[in-house]
Chemist: 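Here you go, one structure.
What you see is a predicted model, and the numbers here were worked out from it, not measured in a lab.
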Amino acid sequence: AATGDEALILDVREPYEWAKGVIPGAALISHGQLRERLGELPAGRPLLVVCESGTRATIAASLLRRHGRAEVAVV
């Protein structure tokens with residue numbers, strides 16, 4: 001049963017990359033739109049950030065931490 005505090009996967013790839021396949025249930029917000037769309041991410045849930053190579057996910061995780069998200073990991 002979901003408790004509401006389980007990790008959310010955040011895929012920060014670009015839409016053309018999502019067309020190749022996504023992880024079911026992942027939040028899809030491209031790296032370039034993340035700052036404007038931070039409010040769409042549920043508070044209180046750990047975030048697992050993914051991209052193709054890890055570079056954008058690392059930058060996105062840094063942005064999330066600067067905006068008060070403590071539980072962030074790059075996958």
Chemist: Can you measure from CG (Leu10) to CG (Leu64) and round to the nearest 0.5 angstrom?
Modeler: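 Reported to 0.5 Å precision, the distance equals 6.5 Å.
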Chemist: Which atoms form the tightest heavy-atom contact between Val74 and Gly54, and what is the distance?
Modeler: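 Closest pair (atom of Val74, atom of Gly54, distance): CG1-O, 4.3 Å.
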Chemist: Tell me the closest heavy-atom pair linking Glu6 and Arg45, and the distance in Å.
Modeler: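 Looking at all heavy atoms of both residues, the closest pair is O-NE, 2.8 Å.
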Chemist: Hey, does the side chain of Arg65 reach the backbone of Val72 with a donor-acceptor pair shorter than 3.5 angstrom?
Modeler: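 Confirmed, Arg65 side chain pairs with Val72 backbone.
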Chemist: Working to the nearest 0.5 angstrom, can you tell me the gap between Leu41 CG and His67 NE2?
Modeler: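 One gets 11.5 Å once the value is rounded to the nearest 0.5 Å.
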Chemist: Please find the pair of heavy atoms, one from Ala60 and one from Leu34, that lie closest to each other, and give the distance.
Modeler: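 Where Ala60 meets Leu34 most closely, the heavy atoms are CB-CD2, 3.6 Å.
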Chemist: Apply side chain to side chain contact (heavy atoms under 4.5 Å, CB included) to Val75 and list each qualifying residue two or more places apart in sequence or on a separate chain.
Modeler: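 Val75: side chain to side chain contact (heavy atoms under 4.5 Å, CB included) contacts with Leu48, Val50.
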Chemist: Taking everything shown except Arg37 itself, do over 12 heavy atoms lie less than 6.0 Å from its CZ?
Modeler: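 Buried by this count: over 12 neighbours within 6.0 Å.
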Chemist: Given a cutoff of under 4.5 Å between side-chain heavy atoms of I, L, V, M, F, W and Y, with clusters grown through shared members, what are the other residues clustered with Trp18?
Modeler: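 Hydrophobic cluster check, Trp18: joined to Val22, Leu28.
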Chemist: What residues form a side chain to side chain contact (heavy atoms under 4.5 Å, CB included) with Glu14, not counting sequence neighbours?
Modeler: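 Testing Glu14 for side chain to side chain contact (heavy atoms under 4.5 Å, CB included), a comparison that skips the adjacent residues, returns Tyr16, Glu17, Ser30, Arg56.
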Chemist: Under a single-linkage definition using a 4.5 Å side-chain heavy-atom cutoff for Ile, Leu, Val, Met, Phe, Trp and Tyr, are Leu47 and Leu63 assigned to the same hydrophobic cluster?
Modeler: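 Same hydrophobic cluster.
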Chemist: To the nearest 0.5 angstrom, please state how far the CD atom of Glu40 sits from the CD atom of Gln33.
Modeler: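 That separation rounds to 8.5 Å.
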Chemist: Any sub-3.5 Å donor-acceptor pair from Arg13's side-chain atoms to Cys51's backbone N or O?
Modeler: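 No; zero donor-acceptor contacts below 3.5 Å.
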